[in-house]
Amino acid sequence: MIHISLPDGSKKEIARGASLLDVAAAIGPRLARAAVCALVDGELRDLRERLDKDASVTFYTRGSLQALEVLRHTTTHVMAQAVKRLFPTAILGIGPAIENGFYYDFATEQPLTPEDLSSIEKEMRRIVTEDHPIERLDTALEETREILAAKDERLKLELLDDLEEETAVLYTQGEFVDLCRGPHLKRTGEIKENAFKLLSIAGAYWRGDESRPMLQRIYGTAWESKKDLDGHLENLAQIEARDHRKLIKELDLVSFHEEGGAGLAYWHPKGGRMRVIIEDYWRKLHYEGGYEIVFTPHIGRALLWEASGHLDFYREGMYAPMNVDGQDYYIKPMNCPFHIMIYKSRTRSYRDLPLRWAELGTVYRYERSGTLHGLLRVRGFTQDDAHIFCTPEQIEDEISRVLDFSLNLLSGFGFTEFSVELSVRDPKTPEKYAGEDPMWEQAEVSLVRAIEARGLPYKRMEGEAVFYGPKIDIKIKDALGRAWQLTTIQFDFNLPQRFDMTYIGEDGKEHRPYMVHRALLGAIERFYALLVEHYAGAFPVWLAPVQAVVIPISDRFLEYAQGVVDELRKAGIRVEANFSTGRMNAKIRDAQLQKIPYMLVVGGREQETETVSVRLRTEEDLGARPLAEVIAMILEKTEARSLI
RNA sequence: GCCAGCGUAGCUCAAUCGGCAGAGCAACUGAUUUGUAAUCAGUAGGUUGCCAGUUCGAUUCUGGCCGCUGGCUCCA
């Protein structure tokens, strides 16, 4: 007999070799029916697995996150089975459950097309209806190899060769056999035939390796119920409706041009207005926060990039040089060497430090064509870059400051949920990194203290640091709960050395300053795309490119309407006049579609009483208000940078 | 960069087994003078992404290029 500890603290005695399903049955028949998988000493297991020693066990029932993962994993097997039925020569790759769904990779003779998805789905429904029992077979490696070889599953054989265990696990359902660790559902019929959907088809390198063949990947999603599936599809529709690529076009903010080249954004007047507002706010906060703002060239001689090491390590990310007067000049992919030039323009004393220099620096990087994506991934962009040069004694205080500064700036735009990732070096390969051990240790301590002092949740990422220093990245959550990495704060132990930067210390000797790179919004383009999606184009009044539109109900009131427009404009409000000959209803609709916060309707009543009727884009009707009151209301929201 | 799909009027989308390319919205003109999400009528708008090839004839078929989309990958 062995002893099983349960989460409520109780224990069960059960025969050695009993399956987890037996354990569940011993606890109660209802659990046995509802259980999908179990956590055994910290590992997620299949209910068919047998226990041969004492263990602590937690069962997960339908509805739990873990059960959903199992459901998705089984659904992807059903998909693979369907694919094998329809395309018998398809070779299985891997097929895991992922967030909100699953995928499976196949090597196929013919590429799959989107039209194949519906026939695969149909076959999947058949397999679900056939309700095959799913068997788990722990099999000796050699036998497994024979089984897979007989089915010509060469990719699975490759996985098998890399297996470290002594036995392999095969799962079967009907004619389908797969090498898989599990866990899985007990029958294909447990999948709801109307609660899954295949979504897309894409190429994916075998084992994520570009030098290996490209497989066909099918993505799908699966849920406990049709209602959950519909909810998820609704969510996807939401994301699509907020897609900045659609909104920047509809709202006339930014465009891209085939003639101008991929990944290069054109800011229209309305996008430009918003950008100026964002950047002015950024500048104001930087001056208040003890930064100085600098400007540096867009191109620099090869010498500079040789000194920085960019030409050695980052050349493929840079645009090709242009030759001027026999000298090679490169468009800058980063601002740092230029700021270092300013630093080196004179002798620096410890009394000068810390120096905090910020620049909205436009850089160009050659991103691979396939990675470009609207404003989120471009080839030309403006970083809200800054470099902090300080003494070792100042570093902790500086990190602390920059963290507060970042959180403050981001919350100004309406982002208040943060999480932090701390990337440190891999202790096993210290030789890969620039800088001395004590520097890394001090840097890490100052980063950790700064994070912990603010009670921010953080993840420590071992070995994720870049070679020149540790860093922290701040992620924010948007209105749809998606995480975006914006801020990055990075130590640099490399460049001060490469450029032989020094300052004169109290002791009259030369010392090496510490250098910290930081970008808070990241790239303005990317941040802007995020703002568009976060607000679904309905920007807070202080950011809205057009804050108010004046709508006369007929052109008999044009004169009064023009007076209203003049007053608003004089007060500094971004106002548009819709004086076209159309009906008021159409103008309201236009303004609504443009998501303009205030619609000011003027007709006879308003003219007589020196008022405007205020309609909000939320469809709320505030009725007629004195013009002065409306101006004050809009200005108040603007100045307070109110988020609605 | 790689795999797949796509590219038709400013926008959203039709159409052609290879035979004169079409609608709605927007634009323009005229009429209408309107009270909180689309007034009516008319006009104009296209080398069907670009360049080759096949063909009597290519928007349609083939190849190359450019761009976009979904992924993979990269993010010194």
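As the structure is a computational prediction, the values presented were derived from the model and not from experiment. Throughout, a chain's letter reflects where its sequence line sits, starting with A, and its residues are numbered from 1.
For A/Gln485 and B/C75, the CD to C1' distance is 10 Å, given to the nearest whole Å. Atom CD of A/Glu619 and atom C1' of B/U36 are 10 Å apart (whole Å). The nearest whole Å value for the distance from the CD atom in A/Gln216 to the C1' atom in B/G70 is 12 Å. Atom CG of A/Asn578 is separated from atom C1' of B/U36 by 13 Å (rounded to the nearest Å). One atom, CZ of A/Phe106, and another, C1' of B/C72, lie 16 Å apart when rounded to the nearest Å. We find that CG of A/Leu247 is positioned 13 Å from P of B/U12, with the value rounded to whole Å.
Within the 4.5 Å cutoff, the side chain of A/Tyr104 has no heavy atoms near those of the A/Ile218 side chain. Taking 4.5 Å as the limit, some side-chain heavy atom of A/Tyr343 sits within range of a side-chain heavy atom of A/Pro513. A/Glu153 places a side-chain heavy atom less than 4.5 Å from the side chain of A/Ile91.
Using a distance-only test at 3.5 Å, with no hydrogens or angles considered, no donor-acceptor pair links the side chain of A/Arg365 to the main chain of A/Gly317. Between the side chain of A/Asp162 and the backbone N or O of A/Leu159 there is no donor-acceptor pair closer than 3.5 Å. At distances below 3.5 Å, at least one donor-acceptor pair connects side-chain atoms of A/Arg574 with backbone N or O atoms of A/Ala544. In this structure a side-chain-to-backbone donor-acceptor pair under 3.5 Å is missing from A/Asp328 to A/Pro321.
A/Gln110 comes within 4.0 angstrom of nothing in the nucleic acid, heavy atoms only. Within 4.0 Å (heavy atoms only), A/Thr488 reaches no atom of the nucleic acid at all. Contacts of A/Thr113 with the nucleic acid, taken as non-hydrogen atoms under 4.0 Å apart, are absent. Within 4.0 Å (heavy atoms only), A/Tyr468 reaches at least one base atom of the nucleic acid. Nucleic acid contact class of A/Arg617 (heavy atoms, under 4.0 Å, all strands): none. Using a 4.0 Å heavy-atom criterion, one finds that A/Leu593 contacts the bases of the nucleic acid, with or without backbone contacts as well. Residue contacts for A/Lys587: at a heavy-atom cut-off of 4.0 Å it reaches no nucleic acid atom on any strand shown. Nucleic acid contact class of A/Asn494 (heavy atoms, under 4.0 Å, all strands): base. Base contact: A/Gly370 has a heavy atom under 4.0 Å from a base atom. Across all strands shown, A/Gly261 has no heavy atoms under 4.0 Å from either base or sugar-phosphate atoms. Using a 4.0 Å heavy-atom criterion, one finds that A/Ala204 contacts the sugar-phosphate atoms exclusively. Across all strands shown, A/Phe313 has heavy atoms under 4.0 Å from base atoms, whether or not it also approaches the sugar-phosphate. Counting any heavy atom pair closer than 4.0 Å across all strands shown, A/Phe557 reaches no nucleic acid atom. At a threshold of 4.0 angstrom between heavy atoms, the contacts of A/Gly309 include nucleobase atoms, whether or not backbone atoms are also involved.
For A/Met214, the listed nucleotide lying nearest its side chain is B/C2; candidates were B/G67, B/C2, B/G70. Considering only the side chain of A/Val601, B/U36 comes nearest among B/C68, B/G70, B/U36. Checking B/G35, B/G1, B/A38 against every side-chain atom of A/Ser369, the shortest atom distance belongs to B/G1. For A/Arg217, the side-chain atoms get nearest to B/G71 when compared with the rest of B/U36, B/G71, B/C68. Checking B/U33, B/A76, B/G7 against the side-chain heavy atoms of A/Glu258 singles out B/G7 as nearest. Checked against B/C74, B/A31, B/C11, the side chain of A/Thr581 finds its nearest nucleotide in B/A31. Closest to the A/Arg605 side chain, of the nucleotides B/G71, B/G1, B/G35, is B/G35. Here the side chain of A/Arg583 is nearest to one of B/U12, B/A76, B/U34, namely B/U34.
Nearest-nucleotide mapping onto RNA chain B: of A/Ile201 and A/Val614, the residue sitting toward the 5' end is A/Val614. Comparing A/Arg207 and A/Met584 along RNA chain B, the residue whose closest nucleotide (by nearest heavy atom) sits nearer the 5' end is A/Met584.
Nucleotide B/C2 has B/G71 as its partner under the Watson-Crick or G-U criteria, with both atom distances under 3.5 Å. Searching all strands for a Watson-Crick or G-U wobble partner of B/G63 with both distances below 3.5 Å returns B/C51. Across all strands shown, B/U29 forms a Watson-Crick or G-U wobble pair, both distances under 3.5 Å, with B/A41. Taking a pair to require two hydrogen-bonding distances under 3.5 Å in either a Watson-Crick or a G-U wobble arrangement, B/A58 remains unpaired. As the counterpart of B/C11, B/G24 is assigned, both hydrogen-bonding distances of the Watson-Crick or G-U wobble pattern falling under 3.5 Å. The partner of B/G46 is absent, by the rule that a Watson-Crick or G-U pair needs both atom distances under 3.5 Å.
To the nearest whole angstrom, the two P atoms, one in B/U62 and one in B/U55, are 16 Å apart. Spacing of C1' atoms, B/U8 relative to B/G67, comes out at 15 Å, to the nearest Å. With P as the reference atom, B/G5 and B/G24 are 33 Å apart, rounded to whole Å. Separation of the C1' atoms belonging to B/A26 and B/G45 is 11 Å when rounded to the nearest angstrom. Using P as the reference atom, B/G64 and B/C74 are 27 Å apart when rounded to the nearest Å. Taking atom C1' on both B/C20 and B/U32, the two are 38 Å apart, rounded to the nearest angstrom.
Rounding to the nearest 0.5 Å places CD of A/Glu158 at 5.0 Å from CZ of A/Arg207.
Taking only side-chain nitrogens and oxygens, A/Tyr366 comes nearer than 4.0 Å to OP1 or OP2 of B/G1. The phosphate of B/G71 (OP1 or OP2) has no side-chain N or O of A/Tyr104 nearer than 4.0 angstrom. Residue A/Lys246 has no polar side-chain atom (N or O) positioned under 4.0 Å from OP1 or OP2 of B/U12. Under 4.0 angstrom from either OP1 or OP2 of B/C2 there lies no side-chain N or O belonging to A/Arg368. A sub-4.0 Å separation between OP1 or OP2 of B/A37 and a side-chain N or O of A/Arg615 is present. Between A/His257 and the phosphate of B/C66, there is no side-chain N or O to OP1/OP2 separation shorter than 4.0 Å. Using a 4.0 Å cut-off, no side-chain N or O of A/Ser200 falls inside it from OP1 or OP2 of B/G71. Side-chain N/O atoms of A/Arg245 include one lying less than 4.0 angstrom from OP1 or OP2 on B/G70.
The aromatic ring centres of A/Tyr314 and A/Trp305 sit 6.0 Å or more apart.
Between the side chain of A/Glu606 and the base of B/G35 there is at least one donor-acceptor pair of N/O atoms closer than 3.5 Å. For A/Tyr205 against B/G1, a side-chain N or O and a base N or O form a donor-acceptor pair under 3.5 Å. Between the side chain of A/Asn585 and the base of B/U36, no donor-acceptor pair under 3.5 Å is found.
With respect to A/Tyr528, the ring pair (Phe, Tyr, Trp, His ring centres under 6.0 Å) criterion is satisfied by exactly one of A/Phe381, A/Tyr535, A/Trp267: A/Trp267.
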